[in-house]
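Quick notes on the structure that follows.
Given the structure is predicted, the values throughout are model-derived calculations rather than measurements.
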Amino acid sequence: MPAGTVEFGLHTFGDVTQDVDGRRLEHPQVLRNVVAEAVLADQAGVDVIGIGEHHRPDYAVSSPEVVLSAIAGQTEHLKLISAVTVLSSDDPVRVYQRFATLDAVSNGRAEVSLGRGSFIESFPLFGYELSDYEMLYEEKLDLFARLRTEKPVTWQGNTRAALQRQSVFPTTAHEFGLPAWVAVGGTPTSVVRAATYGLGLELAIIGGTPDRFKPFAQLYRREIEARGFEPRRVALHSHGFVAATDAEAAERYYPHWEAAMTKMAAERGWPAPTPTQFRQEITHGALHLGSPETVARKVALSVRTLDAGRFGMKYGNGHLPHEYMLDSIELYGSQVKPMVLDMLAGS
């Protein structure tokens, strides 16, 4: 893949953070900080900003498209994507309308990444049963894919009211519909589903090495070709953090990584995190952390391994302060991106 075709993104869930003195910030300030982070990303040459949806106290963003609209008004170049939209507990018609509206007000910069989400709080919140987990996602993705044609839709299922030659507005200026991706955690069925609808594939790699996901990228490309679609890009999403040196990056990031992982381990019955695990994730795993050169080398390796057209770095973790994230964003856009492009051009 030509190096110039690779896009560089930054993703955030609006993690509720602390300031550098350890004081916890409230949701309104976190949301304003997210917008400021995106504005800096735009100025630093980053290509894409991704905002994730959650419905729990440790994340401030429950409505990505609203935050993305605020970002759209203060940026010029960034593509604006959800990371992700939890389609299972939302209405596909409303999702399409909201992102089509965002696309219009941003001059065609909107995209949507559709997934199941990594938490389940949205199901009881919006009145859905977890026992319908598979059916909700399959039916709603099918309806969303039909809506992308921007033609009258006839559809019937079990999860919402049927549609009979129903048109949905606003329409977009995109020839082939609103850009959309399916976010996949690593199951062949989900990969095939993305290909079935001709949607982009976004691989969420939050642990282990990218080469574990290479068979999924290959499967996707085979299925896309078999269904007669033009080639589609593969994107990958991983955690990362950039500082002036490897030591400073680890020193800044580790306490917040440990706190977040400890909380998650308690909720899900995982083993408690350790410094050894942290080092392994940096050296051999999915954590792209260190100086600009260290991060660039690892990003280049990840992109090459999957022949990816987009790399999205989840730049915050736990209570990591806004000030540290700003430093990371600036280094990612101004130094990591050009280094990776040079490395890919030379490979």
Side-chain angles (χ1 to χ4, degrees), residues 10-27 30 50 52-62 83-84 86 115-125 130 133 183-187 203-213 236-243 245-291 294-295 298-299 301-302 312-325 327-328:
L10 288 169
H11 298 171
T12 179
F13 305 156
D15 306 58
V16 173
T17 57
Q18 298 173 347
D19 63 19
V20 291
D21 296 318
R23 291 185 294 264
R24 182 183 184 275
L25 302 185
E26 299 300 325
H27 288 158
V30 172
E53 172 191 351
H54 291 84
H55 302 271
R56 48 187 288 137
D58 40 349
Y59 299 108
V61 179
S62 59
V84 300
V86 184
R116 305 169 188 266
S118 56
F119 297 98
I120 61 172
E121 288 84 0
S122 63
F123 286 83
L125 181 63
L130 277 175
Y133 187 83
V184 174
T187 62
L203 292 168
I205 306 176
I206 58 176
T209 56
D211 58 1
R212 293 195 305 117
F213 290 78
L236 66 98
H237 159 104
S238 283
H239 287 254
F241 181 74
V242 194
T245 66
D246 292 350
E248 182 179 59
E251 181 181 357
R252 287 184 166 190
Y253 194 83
Y254 178 77
H256 308 287
W257 174 88
E258 181 188 41
M261 290 297 292
T262 297
K263 186 175 188 297
M264 191 69 64
E267 290 182 6
R268 301 192 174 185
W270 297 344
T274 65
T276 298
Q277 179 188 351
F278 180 69
R279 290 191 295 271
Q280 288 174 340
E281 282 299 317
I282 296 171
T283 306
H284 304 295
L287 184 54
H288 298 69
L289 181 143
S291 69
T294 296
V295 173
K298 191 160 186 177
V299 171
L301 175 61
S302 297
M313 187 175 82
K314 204 271 186 177
Y315 64 89
N317 198 311
H319 302 310
L320 188 69
H322 172 61
E323 294 81 359
Y324 293 173
M325 289 189 283
D327 290 345
S328 180

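In Glu251, the CD atom is not crowded: 12 or fewer heavy atoms of neighbouring residues, nucleotides or ligands sit closer than 6.0 Å. More than 12 heavy atoms of other shown residues, nucleotides or ligands fall within 6.0 angstrom of atom CG in Leu301.
Checking side-chain atoms of Asp246 against main-chain N and O of Ser291 turns up a donor-acceptor pair under 3.5 Å. For Arg212 (side chain) and Ile205 (main-chain N/O), no donor-acceptor pair under 3.5 Å exists by modelled atom type. In this structure a side-chain-to-backbone donor-acceptor pair under 3.5 Å is present from Asp19 to Asp21. Using modelled atom types, no side-chain atom of Lys263 and backbone atom of Ala265 make a donor-acceptor pair closer than 3.5 Å. A donor-acceptor contact shorter than 3.5 Å links the side chain of His319 to the backbone of Val16. Looking at His288, its side chain does come within 3.5 Å of a backbone N or O of Ala286 through a donor-acceptor pair. Using modelled atom types, one side-chain atom of Ser302 and one backbone atom of Lys298 make a donor-acceptor pair closer than 3.5 Å. Judged purely by atom type and a 3.5 angstrom limit, Glu53 uses its side chain to pair as donor or acceptor with the backbone of Val86.
We find the NE2-CG distance between His322 and Asp327 to be 10.0 Å, quoted to the nearest 0.5 Å. With rounding to the nearest 0.5 angstrom, the CG atom of Leu287 is 9.5 Å from the CE atom of Met313. Rounding to the nearest 0.5 angstrom, the gap separating the CD1 atom in Ile206 from the NE2 atom in His237 is 7.0 Å. Once rounded to the nearest 0.5 Å, the distance linking CG of Asn317 with CE of Met261 reads 8.0 Å. How far OG1 of Thr209 is from CD of Gln280: 12.5 Å, rounded to the nearest 0.5 Å.
Between Gly207 and Glu281, the shortest heavy-atom distance links the atoms CA-OE1, 3.9 Å. Between Gly318 and Ala260, the shortest heavy-atom contact is CA-CB, 4.0 Å. Contact record, Glu248 with Ala243: OE1-CB, 3.5 Å, taken as the closest heavy-atom pair.
Listed by chain and number, the residues in a ring pair (Phe, Tyr, Trp, His ring centres under 6.0 Å) with Phe123 are Tyr133 (sequence neighbours excluded). Applying the ring pair (Phe, Tyr, Trp, His ring centres under 6.0 Å) test to Phe13 and every residue at least two apart in sequence or in another chain returns His54, Tyr59.
Classified by interplanar angle (parallel below 30°, tilted 30° to 60°, perpendicular above 60°), the ring pair Phe278/Tyr254 is perpendicular.
Both tests hold for Arg268 against Phe119: distance to the six-membered ring centre under 6.0 Å, angle to the ring axis within 45°.
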